[in-house]
Each structure stands twice: as structure tokens, then as C-alpha cells.
Amino acid sequence: MKLCVRFFLSTLICVCATLKENSATVLSARCRSRCLAKEILRYRNITTIPVCITQDCSACIKPCDMQRKKEMMSCSFLCGSFVQSTLNICKESCKFLKHLQLEDGNSSCPTGLADRECVLMTPENVDVSTTNNEDTQNFSITWNGTWPSATVFVVMARQMKKGVTPDVAPSHGWTELKQTTLQTVQVLLQPLLWYQFKIAATNQYGASQFSIPSRMIFGRPTRPNPPRDFHVKSINIVKGQVEVDVSWRKPDNIVLPVHRYKLSWSMRLDLHLDKFTSLPVTDRRVMGNIHQYTIKELQPNKTYVLEIQAISRWAEGRLRSQRVTVTIRTPASAQDNIKKKMKKKFEMTKNSIVSSKNTANGDSVVLSKPTIPTAMQGTNSTKNSSTHQSQASTPKSNGRVSESPNLKAQKSVAGLISVPWLVLTDTVIALVVTILCYL
């Protein structure tokens, strides 16, 4: 019996608190409607206005917003920040709101005003549709009816506990979600909760009843955010293979706990190939409470792409986050360094051998005057004048320079010397190539 009495009292208290909160929200909306109506009168070519345009309207709406926040204070203190031109407008709005509070929202329709301006239609057919994507779930709330200009709609919502089925206990109170002059609103709500909505229409002269609550709708969870701070901690070479230590942090603002992390890696080619090449991808599943892993058996001196993805479980499926990618270059091993040095030396040796071979074949030969023994200089000097005259009178045959027997002998000796050197060069080249292939 005591439990029943306690439950009844708690339910009654919650209902009374909800009614009081709804009343404060409706009074705030009526105050806002009055300010927007004055703004529409300034611009006679428009019939509705969603927000204030002038500073006068902003000053008028400030007391209305304070009522929504339950921070109502004296009008002089509330409007003290405005200049004299807008100070009176703010005070008038504040007095209008206090007048509504004293009458508890009840006010008679002014004389000469049509009943449709004072008695507002209750919104009908409140419907909720959802637009889902991988990252967000947007709710669109719409309703039907006909109302005069400057009508402000109060959108109320209540949320129920997490679970597959909603909890419709009366202890769940209604809270203001939004005030708008439009007949549709877009809202973004917390996932994993059940929601229900109702609408009321208000203006400065009165307010309608709240609509029949909408159907209950569930906020489905979206995919988790990607892991944070994914980076390489260290790279080591063990027995000719590379080991990479990676670490990361869990995603922020997660709704569902991370069940697994999917870590994958694959090698990338350093050269562009004309034909299609299939590169294998290796992946591992890491528990959701672990935030580091060691990747083993990577090849040295290669480019790798590392990726990580967070995975959460929901119902029968999986929710996967976006991938985070890191590109690395593994270091070369000691054996690769030796091969690189040997290859460089081989190229230098090969270039020098080719250069010497071209010189031996006469590609760049400098003709020098043969030396004349000292004993023959005196004899040859007496013949210089006659020889010079005979050379001048004798034309050159085919543009070639006549060579002396001494010069021909020198060329023959150089040719004989170069033959063993060429044989030795080919032997050295074959030996170096054999060593490289063995390594």
C-alpha cells in the first residue's frame, strides 16, 4: 500500500512540474510572437519571419529568452544593456510577459479582432521521418493546420530509456525542443533512446492545446569515430626482417563500446607497371581494450601502407568507422647495404674500364713528332732547306699526314701492349659479376 501511495505522489509531482514547465514555455512563445508581429508590421511585404532582423526586435525578444531559461529578473536590470532607443522596447516586452504570468496565460481577445486570431487551431498529424547515413541520423518533424502570421510553434519532446522497446511511464517529462515559425523542423537527437513529440501553436493573444503525441521513434546508433593518434612507435630489423610497433587511442564521443580494431597492411610497388599486379593485404583483429600491436615479417627497403578501423557491435550487424592510414618506408638490411656498395663500385670500375678501352682503340690519339737522335741532328739540319722545298712542291695525298717509320713503330708497340690489358679487363669484369650473383 505504501509503495502505491509513493508511486502516485511521485507521478503527481512529475505531472505538476511538467505542466509548470509547459506553461513557462508557452508564455515565452507568446512573448516571441508579439515581437515578430511588430517586426512584420515594419515590413508589410512579408507574411512570416523566422528570426529578428532589426535591433528593436532583438531587444523585444530578450525578455522572452530569459523566460525560457527561467532567469526572469527585474525589467530595469534585464534591459539595462540597451541604449535609450531600444530600452523602452525591451521594457514593454518585459511588462507584457509579467502581465501574462499574473494572469497565468489567460487573456481575453481584444475587441474588434477576429476569433481566428485568438483561438488557434491545434496542430494535427504530427509525423516524424528519419534520414540515415553512416555518421548521423536526422529527424524531420512535420504537422498540418492553418494559422495567422507571426504564429510561433512550440515543439516539445520526451525521451525514454534505452532498450529495444520504449518505456511509456508517465514519469518521463516533456521538455522544450525548439520554437519556430515554420511547420517543419530538423533536429539531431541522441542515439539509443526512444523519442516522442507534440506541438502547440501560440501568438500574443493565446495558445492552442498541444497536439496528440507523435509515434515513438528510436534513435539508431551511427558508426563510431575513427581511432585517434595512429602512429608508428618503432621500427626494428630482426633476422633480416622488419618489425613495426604501432599504437593508437580509442575514438572520442563513442556511443557503443569498441568491440574490435581491424589492423591491415600491404606493400606498395616503387615502380609503375603497365600491367595489373595483385598485392596481398594482411589484416589482424585486435581486442577493443588493446591499443598497440607489433607487425612482423615485413620486407626491408619497401613501402607499406598501414590502416586501422574501429568496429562496434549493434544487434545483428557491425558498425565500422572510417579508416586511418599511415605510409612508411622500411629500412634496408645490412646485406642490402653491402650489395648497394658493391654495385656502386662495379659501376665505377666498369666506367673506368670503358674509358681505358676507348683510349687504347685510338679514339683520342695525339700525334707527336718522333724524337730524333742527337747524332743525326747535324746531318738532318743540312737537309732541312731542301726537304722543305720538296714538301712544299709535293702535294698532300688524300688529305692524310705522312708518318715516319719511327712513329709507325711506336703505334705497333702500343697495340701489342694493349692486347694483354684488354684480356685482363674482361677477366676482372667476369669475376665481379660472379661475386655479385653469389651475394
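By convention here, the first residue in the shown sequence is residue 1.
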Note to self: Can you confirm whether R220 is buried at CZ, in the sense that more than 12 heavy atoms of other residues, nucleotides or ligands lie under 6.0 Å from that atom?
What the structure shows: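 It does not: R220 CZ has 12 such atoms or fewer within range.
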Check: What do you reckon, is CD1 of I254 surrounded by more than 12 foreign heavy atoms closer than 6.0 Å?
Finding: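 Buried by this count: over 12 neighbours within 6.0 Å.
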Notebook entry, point to check: Which class fits the ring pair W147 and F153: parallel under 30°, tilted 30 to 60°, perpendicular over 60°?
Noted result: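 Ring orientation of W147 relative to F153: perpendicular.
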Note to self: With a 3.5 Å distance limit and no angle check, can you tell me whether S28 reaches the backbone of C64 through a side-chain donor-acceptor pair?
What the structure shows: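 Here the side-chain-to-backbone pair exists.
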Check: Does T131 offer a backbone N or O that forms a donor-acceptor pair with the side chain of N138 under 3.5 Å?
Finding: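 Answer holds: no.
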Any side-chain donor-acceptor pair under 3.5 Å between [X] and [Y]?
{"X": "S214", "Y": "Q196", "value": "no"}
{"X": "S266", "Y": "R268", "value": "yes"}
{"X": "E39", "Y": "T54", "value": "yes"}
{"X": "R34", "Y": "N203", "value": "no"}

Item checked: Gap separating the CZ atom of R260 from the CZ atom of R284, nearest 0.5 angstrom ->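 Those atoms lie 14.0 Å apart.
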Checklist line | Cysteine SG atoms at C90 and C60 closer than 2.5 Å | finding: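 Not so, these two cysteines form no disulfide.
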Check: Quick one: are the C35 and C57 sulfurs under 2.5 Å apart?
Finding: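 Judged by the SG atoms alone, which are 2.5 Å or more apart, C57 and C35 are not bridged.
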Margin query: Please give me the minimum heavy-atom distance between Q137 and T222, naming the atom from each residue.
Written below: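 Answer, listing the atom of Q137 first, then T222: N-CG2, 4.1 Å.
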Item checked: Audit row: V126, F210, side-chain contact (heavy atoms from CB on, under 4.5 Å) steps and yes/no -> CA-CA 11 Å; V126 179; F210 276 97; over 6 Å; no
For residues 239-250, please give each side-chain donor-acceptor pair under 3.5 Å, one per line with the distance, not counting sequence neighbours.
from, atom 1, to, atom 2, distance (Å)
D245, OD1, T294, OG1, 2.7
D245, OD2, S234, OG, 2.7
S247, OG, H231, NE2, 3.2

Margin query: Among residues at least two apart in sequence or on other chains, which ones pass salt bridge (Lys or Arg N to Asp or Glu O under 4.0 Å) with R223?
Written below: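 If we apply the salt bridge (Lys or Arg N to Asp or Glu O under 4.0 Å) test to R223, skipping adjacent residues, the hits are E134, D135.
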Check: Under the salt bridge (Lys or Arg N to Asp or Glu O under 4.0 Å) test, which residues partner R323, sequence neighbours left out?
Finding: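 By the salt bridge (Lys or Arg N to Asp or Glu O under 4.0 Å) rule, R323 matches E307.
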